[in-house]
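By convention in this document, chain letters (A, B, ...) are assigned in the order of the sequence lines, proteins followed by strands, and residues within each chain are numbered from 1.
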2 protein chains.
Amino acid sequence: MVFGHQKIESRRLLLREIAQRGPVPRIDLAEHTGISRATVTSVTADLLRGRLIEEVPRESRSDESARGRPRVDLKIAGDAHLIAGLKVSDRSISLVLMRFDGTHVADHECPIPTGRLTPIDLATHIRDGLRALAEKAGHDLSDISGVGVGLAGVVDADHGLVYWSPSLDQRNVPFGEVLSDTLGVAVYLDNDANLVAMAELTFGLGKSHSDFIVITIESGVGMGMVLGGQLYRGTRGCGAEFGHTKVHLDGALCRCGQRGCLEAYVADYALVREASSVGGMSLTTPTSQAVSTVLKAAKDGDPTARTVVERAGKMFAMGLANLVNIFDPELVILAGEQMQFDHLYADTVIEEMRKSIVEIDKPAPEVVVHKWGNLMWAQGAAAYALEFVQDTAVGALEDA
Amino acid sequence: MVFGHQKIESRRLLLREIAQRGPVPRIDLAEHTGISRATVTSVTADLLRGRLIEEVPRESRSDESARGRPRVDLKIAGDAHLIAGLKVSDRSISLVLMRFDGTHVADHECPIPTGRLTPIDLATHIRDGLRALAEKAGHDLSDISGVGVGLAGVVDADHGLVYWSPSLDQRNVPFGEVLSDTLGVAVYLDNDANLVAMAELTFGLGKSHSDFIVITIESGVGMGMVLGGQLYRGTRGCGAEFGHTKVHLDGALCRCGQRGCLEAYVADYALVREASSVGGMSLTTPTSQAVSTVLKAAKDGDPTARTVVERAGKMFAMGLANLVNIFDPELVILAGEQMQFDHLYADTVIEEMRKSIVEIDKPAPEVVVHKWGNLMWAQGAAAYALEFVQDTAVGALEDA
DNA sequence: CCAATTTAATTTGCTTTTCGAATTTAAGTT
DNA sequence: AACTTAAATTCGAAAAGCAAATTAAATTGG
């Protein structure tokens, strides 16, 4: 048939719908998908038989009539599969384990040597981390149905190919393959910039929005885009390089070697560099501490520090405004874990952005700040893997 | 059925495929779409019966064996429908008439009063223009199956609503409705920035690329995006405002009232303004002539003019690089009709852009310059309408 | 407490759509 | 003229989904 096996297609569609809407009765599924009630009954029967979903009694609500046959909610069967997600950063790996319904099972953090590793070494560290993670929950590595992996650098997610990553000592590594060989489990690789967007799409505001962008600030500035309910990756797989968007002609030097990058004004190292070179501040302390010093000085009214911090805010607002002007999203999510960057998330910055976007009668996009924890990335990786595991599970359903 | 009437869906799919690939034999259609040969035969039979496509003898090629039953090419039946496209600009309307297969029938240009018009007035001018256009080809307005209309401003294409346009004296006009009432023909409205992208998608490089951006320079700077083979409009329908992307904090004043917009450095009025305010050039002549003067002076080595023009180029390169960094497209198309902007399309500018994008192992996106004629916009509008006419025609096919 | 009512879910029979395999068609080749 | 090759068509069967009818599970009212 045209669209592959169609029955599989509607199974997939309904499974996704149930995953997204949480417990939901059949009649609502029919309503929202446009599939007839008869077919919903038959398809959900298949899913129930395969133990991918389960029926749960519905608690009565005041807003719906209590008469008639009561609705029966369907939800994803949490125990159907285990999914892991992890992100590799410079000195550690963060991991989470979740059930098929996205609920949290365990998390873990394990240190790795700093600097570049061989693919085999990194794969081994990941395997050890996953084993420890599984053990925490009384499981075995082989119980896991899929592992999502986020890696900094340039990654071709479709082919599991790593063009370049700060974590690896080689270029053009088929790391997806290496990893799944090492683990004996299906591995889904992606650029880490996309992970937070994925996490938002699956567990966050994606439930109610289909076009949004997510900005993350850590050491660098990252970005993920969701367009039409789908993660958009560029064509070369190198994610959206918002941090290296130019905000000043021949401006400040960026660690990427170019000039005028947004990152060169707002990243931690940029703040410290400026404050120490211009002001009398001698900052020989490590970066993270030095940043706090600069921010505190700015708050306390030190004029140099204040200028530096204010300019960072203005540049950030300008970069954001450019994004909004180009994409016209419904929503902009600023995600981060560190209080360090509060100055970029400040109302004044957002106000500044609003003033820089093209005005029309419709309201400007909503801006929300999400302070996620450290596991945000790993959870996004798991969300990414979850999609594949869902599809695989649907494909593996036997016919009656 | 799940996806609406499926037969209609496969008819639509095959018609699009034929439209895009030009004359193509059935077996290739089956190959490319994944539809079985049996079904291709039956569906194309329907399309043939409805006279939407026709069989043409295939010229023999050296690269395919001449044995066996020869392939029979299918192509869109040009005479099935007439489609018009038009764009409203400040002092005239440009129109084209094309056949169902996209071939040119006639074009026309008619002046309109400058300044804002009432919706009814503008609709009347459009009707008159269309009548003149149809007459040129020996047709009547009522022979036209669909009209695509491009309007500057903020347009909600899905609802035919014009939030604001420099051509209209009112806001929030349901202009699509007004027009189709006036014309008695189906009207499809869109923001003009999208039209060139549409034209490229349908008649230009869209045949071989699915992710690209199109930049247009006239008086302002416009942009259209094609992502995944589809035109991307923002969520508020206000097109991609590349021209009002900020390239300098608190920079030059733009006619939109904000500061530092790209347009404020590269648009015609910006060049003239700078050259006259700084240099000794007194430019009281009309803008288009003044621009030529500045450009000529720059070429002849006048230092002031040269600085102005060079900076425009650098700013443009920076804006382009930002786009590439964010989208990572396969291709960037610079489209324009006026030789005036050659300085922006120069190799040095493109080279400058290449130096400002994030480097990875894969090659940078291709950049091509398309010097289309004045009718580019109108043709894009027609291409937009063509899609709808195709779908309508498929939907109207009677069953055997 | 039982009949009527209401609403959700399921079953039944049928239609639509597509496909695979066999067949036909239209050429070239020997 | 008989054979080969490859495209297109035909034909019977299977898949998938739907509408309408039916069944199920609750509340409400007398």
Side-chain angles (χ1 to χ4, degrees), chain A residues 1-14 18 23-49 53-74 394-395 397-400, chain B residues 1-14 18 23-49 53-74 394-395 397-400:
Chain A
M1 308 215 167
V2 182
F3 309 100
H5 285 291
Q6 292 189 344
K7 190 156 196 181
I8 289 190
E9 214 49 48
S10 46
R11 282 172 178 171
R12 205 188 304 275
L13 183 64
L14 285 180
I18 295 169
V24 57
R26 291 175 177 80
I27 194 165
D28 287 1
L29 290 173
E31 178 85 14
H32 287 118
T33 59
I35 297 175
S36 75
R37 297 185 199 178
T39 307
V40 168
T41 292
S42 113
V43 171
T44 52
D46 293 344
L47 297 176
L48 280 166
R49 202 163 30 76
I53 61 173
E54 50 196 30
E55 291 189 332
V56 286
R58 184 179 178 85
E59 78 275 26
S60 58
R61 292 196 195 167
S62 55
D63 62 328
E64 61 189 45
S65 152
R67 310 190 65 178
R69 178 173 174 167
R71 303 169 171 207
V72 178
D73 274 331
L74 298 173
V394 165
L397 274 186
E398 283 159 37
D399 287 295
Chain B
M1 305 214 170
V2 182
F3 309 101
H5 287 290
Q6 291 189 344
K7 191 155 198 181
I8 289 191
E9 215 48 50
S10 47
R11 283 171 177 172
R12 204 189 304 272
L13 183 63
L14 284 180
I18 295 168
V24 57
R26 290 176 178 78
I27 196 166
D28 287 1
L29 290 174
E31 178 84 15
H32 287 119
T33 59
I35 296 175
S36 75
R37 296 184 196 182
T39 307
V40 169
T41 292
S42 112
V43 171
T44 54
D46 293 344
L47 296 175
L48 279 166
R49 202 163 31 74
I53 62 174
E54 50 197 28
E55 291 189 333
V56 287
R58 184 178 177 85
E59 78 276 25
S60 58
R61 292 197 195 166
S62 55
D63 62 326
E64 61 190 44
S65 152
R67 311 188 66 177
R69 178 173 177 168
R71 302 169 172 209
V72 178
D73 273 333
L74 298 173
V394 164
L397 276 185
E398 282 157 37
D399 290 294

(request) Working to the nearest 0.5 Å, report the span between CG of B/Asp46 and CD1 of B/Ile53. (result) 9.5 Å

(message) Rounding to an integer number of Å, can you tell me how far B/Asp73 CG sits from D/dA8 P?
(response) 9 Å

(request) Using atom CZ of A/Arg11 as one end and atom P of D/dA16 as the other, report the distance to the nearest whole Å. (result) 8 Å

(message) Distance check needed: C/dA9 P versus A/Glu31 CD, whole Å only.
(response) 12 Å

(message) With a cut-off of less than 4.0 Å, is there a side-chain N or O of A/Arg71 near OP1 or OP2 of C/dA8?
(response) yes

(request) Could you check how far CG of A/Asp28 sits from C1' of C/dT7, rounded to whole Å? (result) 13 Å

(request) Select one nucleotide: of D/dT5, D/dA7, D/dC18, the one nearest the side-chain heavy atoms of A/Thr39. (result) D/dC18

(message) Any side-chain N or O of B/Ser36 below 4.0 angstrom from OP1/OP2 of C/dC19?
(response) yes

(request) Not counting sequence neighbours, which residues clear salt bridge (charged side-chain N to carboxylate O under 4.0 Å, His left out) with A/Arg12? List them please. (result) A/Glu9, A/Asp391

(message) Could you tell me how far apart B/Arg67 (CZ) and C/dA26 (P) are, to the nearest whole angstrom?
(response) 18 Å

(message) Heavy atoms from C-beta onward define the side chain here; which of D/dT9, C/dA9, C/dC19 lies closest to that of B/Thr41?
(response) D/dT9

(request) To the nearest 0.5 angstrom, please state how far the CD1 atom of A/Ile18 sits from the OG1 atom of A/Thr44. (result) 7.0 Å

(request) Write down the distance between CZ (A/Arg37) and P (D/dG17), rounded to a whole number of angstrom. (result) 18 Å

(request) Nearest whole angstrom, please: distance from the C1' of D/dA16 to the CG of A/Asp46. (result) 12 Å

(message) What's the closest nucleotide to the side chain of A/Pro70 if the choices are D/dA26, C/dA8, D/dA7?
(response) D/dA26

(request) Would you please name every residue forming a side chain to side chain donor-acceptor pair (under 3.5 Å) with B/Ser36, sequence neighbours left out? (result) B/Thr39

(message) Side chain of B/Arg69, heavy atoms from C-beta onward: which of C/dT6, D/dA24, C/dT24 has the nearest atom to it?
(response) C/dT24

(message) For a quick check of understanding: with a heavy-atom distance under 4.0 Å over all strands, which category does B/Val40 fall into, base, sugar-phosphate or nothing?
(response) nothing

(request) Compare the minimum distances between each of C/dT18, C/dT5, D/dT23 and the side chain of B/Ser10, then state the nucleotide with the smallest one. (result) C/dT18

(message) Let's see if you can work this out: which of D/dT10, D/dG17, D/dT9 has an atom nearest to the side-chain heavy atoms of B/Arg26?
(response) D/dT9

